[in-house]
Amino acid sequence: MMNNNIITIHDKQFKPLLSEQEINEKICAIADQINALHLEHPLCLSVLNGAYMFTAELCKHLHNFPVISFIKVASYEGTHSSGNVTELLGLNEDLHGKTIIIIEDIIDTGTTIESIYSKCIEQGAKTVYIATLVYKPQAYKGNAPIHFIGFSIPNDFVVGYGMDYNGIGRNLKEIYVLHTN
Ligand code: IMP
Ligand code: MG
């Protein structure tokens with residue numbers, strides 16, 4: 001059941017956008033699409049911090065024993081992209097010849113995903129797929145192909161299901177959007 005509760009995080013109010021059930025059903029549907037590809041031990045490369053919850057739920061539904069690994073980058077300041085991607089925790093894995101699924105919480109301008117995608121290609125990955133729970137098509141300026149998209153949303157700031165506003169909100173099992181009036 002969707003609740004109608006407005007929540008307050010720091011100085012801003014957020015209203016419910018996507019319910020726990022909608023999110024879980026969508027993640028199962030993405031897992032089905034990935035399973036249909038019959039990839040052999042794909043490397044699921046999860047982008048911390050935001051993608052931790054999506055990664056956990058998605059990987060529970062994947063067949064064929066994926067390898068799961070994490071990288072950590074930062075590009076956001078408050079509610080806007082800074083335009084720069086800082087790598088906070090690098091990649092240990094050898095990517096050469098690997099089939100990779102980059103797992104993101106949300107793709108906005110595309111700065112983050114472009115940088116990770118090119119790094120995978122440069123390091124000799126065989127195939128690179130991108131899966132994101134949320135996508136903002138009006139904001140995306142990247143060229144990297146996005147293969148699996150949970151929800152396309154307008155260009156508004158959201159929190160929950162891994163996504164934060166200045167550090168808070170990641171634990172929410174629903175997704176909320178900035179309340180403007
Ligand atoms: P991009 O580099 O502009 O595509 O932004 C991607 C990263 O910024 C995401 O992985 C998130 O961590 C963060 N981000 C983008 N949009 C939002 C949002 O609406 N809420 C919370 N975090 C966001
Ligand atoms: Mg992210």
Side-chain angles (χ1 to χ4, degrees), residues 5-20 22-23 26-27 30 43-59 68-91 93 100-122 128-181:
N5 296 342
I6 302 289
I7 58 166
T8 302
I9 297 179
H10 300 303
D11 58 334
K12 298 196 192 305
Q13 291 195 317
F14 294 84
K15 63 182 179 198
L17 179 69
L18 298 163
S19 71
E20 180 181 14
E22 282 175 281
I23 295 168
K26 189 65 84 173
I27 294 175
I30 294 176
L43 172 61
C44 290
L45 198 55
S46 172
V47 186
L48 294 173
N49 290 328
Y52 83 96
M53 201 178 275
F54 176 40
T55 303
E57 192 57 30
L58 179 68
C59 290
I68 302 166
S69 194
F70 298 88
I71 51 171
K72 183 168 179 173
V73 297
S75 68
Y76 243 63
E77 285 161 6
T79 59
H80 290 96
S81 174
S82 69
N84 306 307
V85 182
T86 317
E87 193 170 288
L88 305 172
L89 182 71
L91 196 63
E93 257 78 17
I100 297 172
I101 306 171
I102 303 172
I103 304 183
E104 259 289 25
D105 50 352
I106 184 163
I107 296 178
D108 182 30
T109 63
T111 312
T112 308
I113 200 69
E114 280 287 318
S115 134
I116 298 167
Y117 181 82
S118 357
K119 207 160 281 184
C120 292
I121 299 290
E122 270 163 33
V128 183
Y129 295 98
I130 296 174
T132 189
L133 182 60
V134 183
Y135 173 50
K136 297 184 191 172
Q138 293 155 15
Y140 189 59
K141 296 187 195 75
N143 296 308
I146 309 171
H147 305 83
F148 309 104
I149 296 173
F151 302 95
S152 292
I153 64 162
N155 210 352
D156 298 320
F157 188 76
V158 292
V159 292
Y161 216 86
M163 294 171 281
D164 72 308
Y165 168 45
N166 280 344
I168 304 295
R170 294 194 195 278
N171 64 309
L172 295 164
K173 52 187 184 294
E174 309 88 10
I175 293 177
Y176 292 75
V177 64
L178 193 59
H179 192 45
T180 40
N181 51 27

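Atoms within each ligand, like the ligands themselves, are counted from 1 in listed order.
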> Roughly how far apart are T180 OG1 and F157 CZ, rounded to 0.5 Å?
Replying inline: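 These two atoms lie 14.0 Å from each other.
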
Compute the minimum heavy-atom distance from [X] to ligand 1 and say whether it is under 4.0 Å.
X	value
K136	yes
D164	yes
D105	yes
I106	yes

>> If the condition is side-chain contact (heavy atoms from CB on, under 4.5 Å), which residues does T132 pass it with, not counting sequence neighbours?
In response: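 Partners of T132 by the side-chain contact (heavy atoms from CB on, under 4.5 Å) criterion, ordered by chain and then number, come out as E104, I107, Y135, I146, I149.
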
> Residues two or more places apart in sequence or in another chain: which of them pass side-chain contact (heavy atoms from CB on, under 4.5 Å) with N155?
Replying inline: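 Only D108, K136, Q138, A139 meet the side-chain contact (heavy atoms from CB on, under 4.5 Å) criterion with N155.
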
May I ask you to test the [X]-[Y] pair for a side-chain heavy-atom distance under 4.5 Å?
X	Y	result
I101	L58	no
Y140	I113	yes
I102	C120	yes

>> For P16 versus Y176, what's the shortest heavy-atom pair and its separation?
In response: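 Heavy atoms of P16 and Y176 come nearest at N-CD2, 3.5 Å.
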
> Do you know the tightest heavy-atom contact between Y165 and D11?
Replying inline: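 Shortest heavy-atom contact: OH-OD1, 2.6 Å.
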
> Out of V159, L133, I106, which one pairs with I175 under the side-chain contact (heavy atoms from CB on, under 4.5 Å) rule?
Replying inline: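 Only one of V159, L133, I106 forms a side-chain contact (heavy atoms from CB on, under 4.5 Å) with I175, namely L133.
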
> Which atoms of ligand 1 sit under 4.0 Å from any heavy atom of T112?
Replying inline: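 That gives atoms 1 (P), 2 (O), 5 (O), 6 (C), 7 (C) of ligand 1.
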
> Of all the atoms in ligand 1, which lie at a distance below 4.0 Å from a heavy atom belonging to E104?
Replying inline: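 It comes down to these atoms of ligand 1: 10 (O).
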
> ring-ring contact (aromatic ring centres under 6.0 Å, His included) with F151: which residues, sequence neighbours excluded?
Replying inline: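 In terms of ring-ring contact (aromatic ring centres under 6.0 Å, His included), with neighbours along the sequence ignored, F151 is linked to no residue.
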
>> Tell me whether G110 has any N or O atom under 3.5 angstrom from an N or O of ligand 1.
In response: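 Checking ligand 1 against G110, an N or O pair does fall under 3.5 Å apart.
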
>> Pairs of nitrogen or oxygen atoms closer than 3.5 Å, one from I113 and one from ligand 1: do any exist?
In response: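 For ligand 1, there is no N or O atom that lies under 3.5 Å from one belonging to I113.
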
>> Tell me how many protein N, O or S atoms are within a distance shorter than 2.8 Å of the Mg ion (ligand 2).
In response: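 For the Mg ion (ligand 2), protein nitrogen, oxygen or sulfur atoms under 2.8 Å: 2.
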
